[in-house]
Amino acid sequence: MAAAPAEGVLGRTYRALTLGIISVVSLIAFEASAVNTAMPAVGHALDGIELYAFAFSAYFTASLFAMALSGEWCDRGGPLAPLFTGIATFGAGLVVAGCAQQMWLFVVGRGVQGIGGGLVIVALYVVVSRAYPEALRPSVLASFSAAWVLPVIVGPLVAGTVTEHLGWRWVFLSIPVLVLLPLTVMLPALRKLPPRRDDEGMDRRRILLALAVAAGAGLLQYAAQRRDWVAVLPAVVGLVLLVPAIVRLLPKGTFRAARGLPSVVLIRGLAAGSLLAAESFIPLMLVTERGLSTTLAGLSLTGGGLTWALGSYTQSRPRLEPYRERIMGIGLLLITAAILIVPLVLFGGVPVWIVAVAWVVAGYGMGLNISSGSVLLLKLSPPEDAGSNSASLQVSDALGNITFVGLSGLLFSAFGGASVDTGGTPDVTDAASGQPAAFAAVFVAMAAVALTGSWVATRLKPAGSGLATVPPGGAKTVSAAHPGTPSAPAER
């Protein structure tokens with residue numbers, strides 16, 4: 001194990017960069033909390049409940065392409081340009097969504113946000129890979145998770161209050177003005193980063209593969225929503241684009257849970273996708289089935305953000321390092337249990353606060369799992385593949401979100417969920433009865449996905465101490481005994 005550095009992530013050397021990164025993560029965290037809280041009101045105002053799942057999955061569909069682009073951009077030219085471009089694009093998407101007059105345009109705005117978010121998250125990985133020593137990276141992950149604490153406490157309350165008194169549009173239009181602070185704080189430290197390794201051009205093959213994945217995922221989501229014979233053609237085209245491209249884009253063996261890096265990448269998609277899909281439908285369920293206001297429904301998710309940070313802090317303790325793979329499996333079992341508890345609120349006699357309790361458990365499990373997976377990526381990747389391996393991890397994250405949010409939307413519609421009524425006003429105090437079976441189908445399916453992830457966690461260690469790990473696309477191998485320095489994630 002590397003010797004502890006003389007100063008921490010908030011020491012004089014790293015303070016400005018750490019605070020700037022945390023500011024960026026906090027903005028992303030606030031936006032995520034705000035969207036979850038405001039979406040029932042958006043769906044009602046734009047008459048777009050049938051596109052409810054698309055409002056979430058569009059972000060991740062667009063980010064797939066942007067992540068691969070950012071990985072290549074960072075590896076060849078450094079993280080500065082993709083990071084700042086991503087922040088600007090993210091802000092532009094917020095403006096488009098906030099000004100949307102129709103649901104499809106709101107979905108487009110979410111897609112623009114996804115492009116910006118995809119550029120930013122991979123660039124932050126690479127920033128940390130170059131700026132922080134290996135011994136500090138678990139602590140950086142914990143500080144990133146801590147950046148979610150304040151947004152998830154105040155985010156639902158602020159977003160719900162703004163939605164109820166000023167309108168949901170201001171939830172989106174107020175965020176772009178806040179991007180100037182992190183840009184100002186980070187720029188001096190980013191300019192000190194060393195230039196990248198060579199003058200090679202970007203790998204256009206990987207970028208085209210990512211574009212095919214994003215296009216295929218979008219076509220499949222469209223086909224799933226139609227549920228008629230017209231959907232056959234886009235479904236077939238989507239599969240033809242998606243399947244071969246994603247197999248080549250991710251590390252060889254990812255979809256068969258090969259030991260080592262492939263399973264690290266796979267488990268990210270299973271964990272992130274199952275949690276987000278379940279989380280996306282919790283406010284809608286509480287509004288339509290139990291008559292909660294938008295603000296109270298959003299607040300039910302707050303505890304999960306707090307315990308996510310606690311779980312990330314727990315995994316950063318040095319004495320737990322030998323048990324990292326086991327910790328990830330425990331985290332997924334906690335997520336599974338939490339998702340299964342949530343639909344109990346569909347029974348009238350069950351108190352609504354049980355959802356908040358369940359999400360406290362889910363958040364802790366995610367903190368253990370996601371941060372530990374990122375630390376493993378740090379150990380199993382060489383320096384020259386920092387951008388591409390980081391992109392692969394985030395592509396898996398986004399693909400899991402797209403796949404399982406899309407599947408949840410399909411299940412929700414198939415069980416009659418498209419007929420739920422969000423009430424006459426954004427603040428629903430007397431919601432009409434919805435379709436409990438539609439919500440139950442979503443949560444049971446996502447619990448099964450999380451349970452599958454707990455099995456994958458048994459395959460995280462390479463088969464031998466010197467066994468090579470496989471970079472994205474399987475083009476070459478590197479020794480696990482020579483860990484590289486990819487960067488830490490920007491998520492919770």
Side-chain angles (χ1 to χ4, degrees), residues 32-41 43-44 52 148-149 151-161 163-164 274-311 331 333-367 408 411-412 415-417 419-448 450-451:
S33 300
V35 168
N36 279 334
T37 302
M39 271 310 301
H44 165 75
Y52 189 87
W148 280 76
V149 172
V152 299
I153 292 175
V154 303
L157 180 61
V158 171
T161 302
T163 297
E164 293 169 15
S274 61
L275 187 91
L276 178 70
E279 185 175 78
S280 299
F281 283 87
I282 286 177
L284 186 64
M285 178 183 67
L286 294 178
V287 167
T288 59
E289 299 300 318
R290 297 301 298 266
L292 268 65
S293 69
T294 302
T295 300
L296 289 177
L299 285 173
S300 68
L301 305 176
T302 299
L306 299 174
T307 52
W308 190 317
L310 179 60
L333 289 175
L334 292 176
I335 295 167
T336 303
I339 294 175
L340 286 174
I341 290 172
V342 166
L344 295 179
V345 79
L346 293 169
F347 297 99
V350 176
V352 292
W353 52 258
I354 197 173
V355 174
V357 172
W359 229 238
V360 165
V361 175
Y364 188 74
M366 284 298 283
S408 296
L411 289 171
F412 188 70
F415 282 83
S419 65
V420 301
D421 183 7
T422 59
T425 66
D427 182 10
V428 182
T429 56
D430 187 22
S433 176
Q435 296 291 338
F439 292 106
V442 169
F443 294 119
V444 170
M446 292 308 103
L451 187 61

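Just the heavy atoms: all of them, side chains too, but no hydrogens, waters or symmetry mates, feed the values below. We number each residue from 1, following the sequence as shown.
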Euclidean distance, [Y] [atom2] relative to [X] [atom1], rounded to 0.5 Å:
X: Leu275; Y: Met446; atom1: CG; atom2: CE; answer: 11.0 Å
X: Ile282; Y: Ser300; atom1: CD1; atom2: OG; answer: 6.0 Å
X: Glu289; Y: Leu284; atom1: CD; atom2: CG; answer: 8.5 Å
X: Thr288; Y: Phe281; atom1: OG1; atom2: CZ; answer: 10.5 Å

**Request:** Answer yes or no: is there a donor N or O on one side and an acceptor on the other, between the side chain of Thr307 and the main chain of Leu310, under 3.5 Å?
**Result:** no
**Asked** In chain order, what residues pass the ring-ring contact (aromatic ring centres under 6.0 Å, His included) check against Phe443, with sequence neighbours excluded?
**Response** none
**Asked** Mind checking what makes side chain to side chain contact (heavy atoms under 4.5 Å, CB included) contact with Ala440, not counting sequence neighbours?
**Response** Leu346
Closest approach of [X] and [Y], non-hydrogen atoms and distance?
X: Ile335; Y: Ala450; value: CG2-CB, 4.0 Å
X: Pro283; Y: Leu301; value: CG-CD1, 4.0 Å
X: Ala297; Y: Leu292; value: N-CD2, 4.1 Å
X: Ala441; Y: Leu411; value: O-CD1, 3.9 Å

Ignoring hydrogens and angles, write down the donor-acceptor pairs under 3.5 Å from the side chains of residues 352-362, residues two or more places apart or on other chains.
residue: Trp359; atom: NE1; partner: Glu279; partner atom: OE2; Å: 3.0

**Prompt:** Can you list the steps and then say if Phe412 with Phe439 is a side-chain contact (heavy atoms from CB on, under 4.5 Å)?
**Reply:** CA-CA 6 Å; Phe412 188 70; Phe439 292 106; 3.4 Å; yes
Going by atom type alone, with no hydrogens or angles, which donor-acceptor pairs under 3.5 Å involve a side-chain atom of residues 336-344 and a protein atom two or more places apart or on another chain?
residue: Thr336; atom: OG1; partner: Leu332; partner atom: O; Å: 2.9
residue: Thr336; atom: OG1; partner: Leu451; partner atom: N; Å: 3.2

**Message:** Determine whether Val345 and Met285 satisfy the following criterion, side-chain contact (heavy atoms from CB on, under 4.5 Å), listing intermediate values before the conclusion.
**Reply:** CA-CA 9 Å; Val345 79; Met285 178 183 67; 3.3 Å; yes
